[in-house]
Peer 1: 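Provided herewith is a single structure, encoded as structure tokens, for subsequent inquiry.
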Amino acid sequence: MITKPVLLVIAHGSRDPRHAATVHALVRRVRALRPDVRVETGFLDFNIPSVQGVLESLAAQGVRDVVALPLLLTRAFHAKADIPAVLRDAPPTLRIRQTEVLGPSPLLLSALERRLYEAGLTPADKSSTGVVLASAGSTDPEAIAVIAEIAREWRHTGWCAVRPAFASASLPRTEDAVRELRALGCERVAVAPYVLAPGFLPDRIARGAAEANVLADVLGPAPEVARVLLERYDAARVPVLAAVGA
């Protein structure tokens with residue numbers, strides 16, 4: 001019997017201990033959903049184990065097939081350059097396939113709404129509430145365009161208005177988007193952080209939400225996020241297994 005490839009979740013890492021704790025909580029949820037899949041976690045920076053260290057350990061254990069999943073919401077520099085570079089340096093005995101990033105996905109929109117409702121909104125509030133879709137930001141125009149498109153799509157689900165905002169690299173900032181929605185006449189304004197884990201930039205988003213009525217939590221280990229990880233894994237593992245005769 002051919003075993004399933006190992007799922008290696010690749011997180012950026014952070015000096016903020018909340019980041020790694022949230023990543024590990026998400027991975028635990030993924031394991032609970034699919035106990036038949038071995039799931040490992042590696043960090044690009046700041047935290048251990050490193051991605052390279054995990055890959056070397058897997059190779060030493062005789063693992064041959066790995067699906068590497070960038071724990072990222074948009075396809076920017078880390079997904080396009082950093083992670084492929086690390087994977088190219090992996091032990092040659094490993095067959096590695098990198099998945100697509102998590103976003104965009106309808107499940108992530110469901111997770112965003114879950115967080116808004118947990119923060120106090122109800123479905124009945126949608127038509128009178130403007131939402132700021134607050135992301136970390138990027139210098140990559142593809143990533144910025146994806147955030148803008150997600151905001152446009154989300155608006156069509158019944159919110160008064162949805163505006164994208166960015167904590168770094170791009171404009172507008174969260175506080176500017178909050179003011180714009182107020183100027184549009186939205187009865188209330190909510191900020192939905194489109195980020196996976198707490199840290200420096202999510203804290204900046206929170207400060208920018210000072211004039212909003214509602215600030216949702218980060219996506220974190222929401223069940224919808226865990227399901228997206230497994231969707232990406234399943235989409236990537238089929239070619240891997242086909243290559244070894246499964």
Side-chain angles (χ1 to χ4, degrees), residues 22 25-26 29 72-76 100-138 140-199 201-232:
T22 302
L26 174 58
R29 187 178 287 274
L72 302 167
L73 294 172
T74 57
R75 188 172 177 272
E100 295 296 328
V101 296
L102 302 185
S105 166
L107 284 170
L108 293 179
L109 285 182
S110 297
L112 287 167
E113 294 207 359
R114 170 193 290 274
R115 292 302 189 222
L116 286 170
Y117 297 149
E118 289 171 349
L121 291 180
T122 70
D125 296 324
K126 290 185 75 167
S127 63
S128 57
T129 301
V131 178
V132 178
L133 179 67
S135 73
S138 173
D140 189 309
E142 177 186 348
I144 298 304
V146 167
I147 297 300
E149 180 59 27
I150 291 170
R152 283 191 292 269
E153 290 182 3
W154 204 13
R155 163 66 181 85
H156 295 312
T157 66
W159 297 101
C160 173
V162 180
R163 292 291 185 271
F166 308 95
S168 68
S170 306
L171 295 174
R173 295 285 183 257
T174 301
E175 53 267 34
D176 298 323
V178 168
R179 292 174 189 132
E180 180 185 353
L181 290 171
R182 289 216 179 279
L184 282 175
C186 296
E187 185 176 318
R188 68 184 63 78
V189 176
V191 174
Y194 190 60
V195 293
L196 287 166
L201 293 178
D203 285 349
R204 181 179 288 176
I205 290 171
R207 291 193 296 272
E211 296 179 19
N213 302 97
V214 173
L215 170 63
D217 199 358
V218 298
L219 292 172
E224 297 88 350
V225 179
R227 287 168 58 197
V228 176
L229 265 70
L230 289 170
E231 283 187 355
R232 298 292 183 258

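Here the structure is a predicted model, which means the values were calculated and not measured.
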Peer 1: Which heavy atom in His156 sits nearest to a heavy atom in Arg152, and how many Å separate them?
Peer 2: CD2-O, 3.2 Å
Peer 1: Between Val101 and Leu73, does the side-chain contact (heavy atoms from CB on, under 4.5 Å) criterion hold? Intermediate values first, please.
Peer 2: CA-CA 6 Å; Val101 296; Leu73 294 172; over 6 Å; no
Peer 1: If you compare all heavy atoms of Pro164 against all heavy atoms of Pro172, which two are closest, and at what distance to 0.1 Å?
Peer 2: O-CG, 3.4 Å
Peer 1: Does any pair with a residue in residues 157-173 pass salt bridge (Lys or Arg N to Asp or Glu O under 4.0 Å), and if so which ones, sequence neighbours excluded?
Peer 2: Arg163-Glu180
Peer 1: With side-chain contact (heavy atoms from CB on, under 4.5 Å) as the criterion, how do Val228 and Val225 come out once you've worked through the C-alpha distance, each side chain's angles and the decisive distance to 0.1 Å?
Peer 2: CA-CA 5 Å; Val228 176; Val225 179; 5.5 Å; no
Peer 1: Check the pair Val218, Leu196 against side-chain contact (heavy atoms from CB on, under 4.5 Å), reporting the backbone distance first and the verdict last.
Peer 2: CA-CA 6 Å; Val218 298; Leu196 287 166; over 6 Å; no
Peer 1: Got a sec, which residues hit side-chain hydrogen bond (donor to acceptor under 3.5 Å, both in side chains) with Thr174, two or more places apart in sequence or on another chain?
Peer 2: none
Peer 1: Quick one: CH2 on Trp154 to CG on Leu133, what's the gap to the nearest 0.5 Å?
Peer 2: 6.0 Å
Peer 1: Do the side chain of Arg204 and the main chain of Ala167 share a donor and acceptor less than 3.5 angstrom apart?
Peer 2: yes
Peer 1: By side-chain contact (heavy atoms from CB on, under 4.5 Å), which residues pair with Ala206, not counting sequence neighbours?
Peer 2: Leu215
Peer 1: Taking all non-hydrogen atoms of both residues into account, name the closest pair between Val191 and Ala212 and its distance.
Peer 2: CG2-CB, 3.8 Å
Peer 1: Quick one: list whatever passes salt bridge (charged side-chain N to carboxylate O under 4.0 Å, His left out) with Arg207, sequence neighbours left out.
Peer 2: none
Peer 1: Could you state the interatomic distance from OG (Ser135) to CD1 (Ile205), rounded to the nearest 0.5 Å?
Peer 2: 6.5 Å
Peer 1: What is the minimum heavy-atom distance between Ala190 and Leu116, and which atoms define it?
Peer 2: CB-CD2, 3.7 Å
Peer 1: Might you point out which heavy atoms bring Pro202 and Ala197 nearest each other, and give the distance in Å?
Peer 2: CG-O, 3.2 Å
Peer 1: Please step through side-chain contact (heavy atoms from CB on, under 4.5 Å) for the pair Trp159 and Leu181, ending with a clear verdict.
Peer 2: CA-CA 11 Å; Trp159 297 101; Leu181 290 171; over 6 Å; no
Peer 1: Quick one: side-chain hydrogen bond (donor to acceptor under 3.5 Å, both in side chains) partners of Glu100, sequence neighbours excluded?
Peer 2: none
Peer 1: State which residues pass side-chain hydrogen bond (donor to acceptor under 3.5 Å, both in side chains) with Glu153; sequence neighbours excluded, sorted by chain then number.
Peer 2: none
Peer 1: What pairs meet the salt bridge (Lys or Arg N to Asp or Glu O under 4.0 Å) rule with one or both residues in residues 214-227, with sequence neighbours excluded?
Peer 2: Arg114-Glu224
Peer 1: Using 0.5 Å steps for rounding, measure from the OG atom of Ser110 to the CG atom of Leu219.
Peer 2: 11.0 Å
Peer 1: In a check of side-chain hydrogen bond (donor to acceptor under 3.5 Å, both in side chains) between Asn213 and each of Arg182, Glu187, Arg188, which one passes?
Peer 2: Arg182
Peer 1: For residues 120-127, please give each side-chain donor-acceptor pair under 3.5 Å, one per line with the distance, not counting sequence neighbours.
Peer 2:
unit_1, atom_1, unit_2, atom_2, d
Thr122, OG1, Ala124, N, 3.3
Thr122, OG1, Asp125, OD2, 3.2
Asp125, OD2, Thr122, N, 2.8
Lys126, NZ, Glu113, OE2, 3.1
Lys126, NZ, Thr157, O, 3.0

Peer 1: How close do Leu26 and Gly220 get, heavy atom to heavy atom, and via which atoms?
Peer 2: CD1-O, 4.0 Å
Peer 1: Identify, with sequence neighbours excluded, every residue that meets side-chain contact (heavy atoms from CB on, under 4.5 Å) alongside Ser138.
Peer 2: Ala76, Asp140, Ala143, Ile144
Peer 1: Checking Arg29 side chain against Pro221 main chain: does a donor-acceptor pair fall under 3.5 Å?
Peer 2: yes
Peer 1: Can you sort out the partners of Arg75 under salt bridge (charged side-chain N to carboxylate O under 4.0 Å, His left out), two or more places apart, ordered by chain and number?
Peer 2: Glu142
Peer 1: How would you list, by chain and number, every residue that makes a salt bridge (charged side-chain N to carboxylate O under 4.0 Å, His left out) with Glu231, sequence neighbours excluded?
Peer 2: none
Peer 1: Of all residues at least two apart in sequence or in a different chain, which pass the side-chain hydrogen bond (donor to acceptor under 3.5 Å, both in side chains) check with Arg155?
Peer 2: none
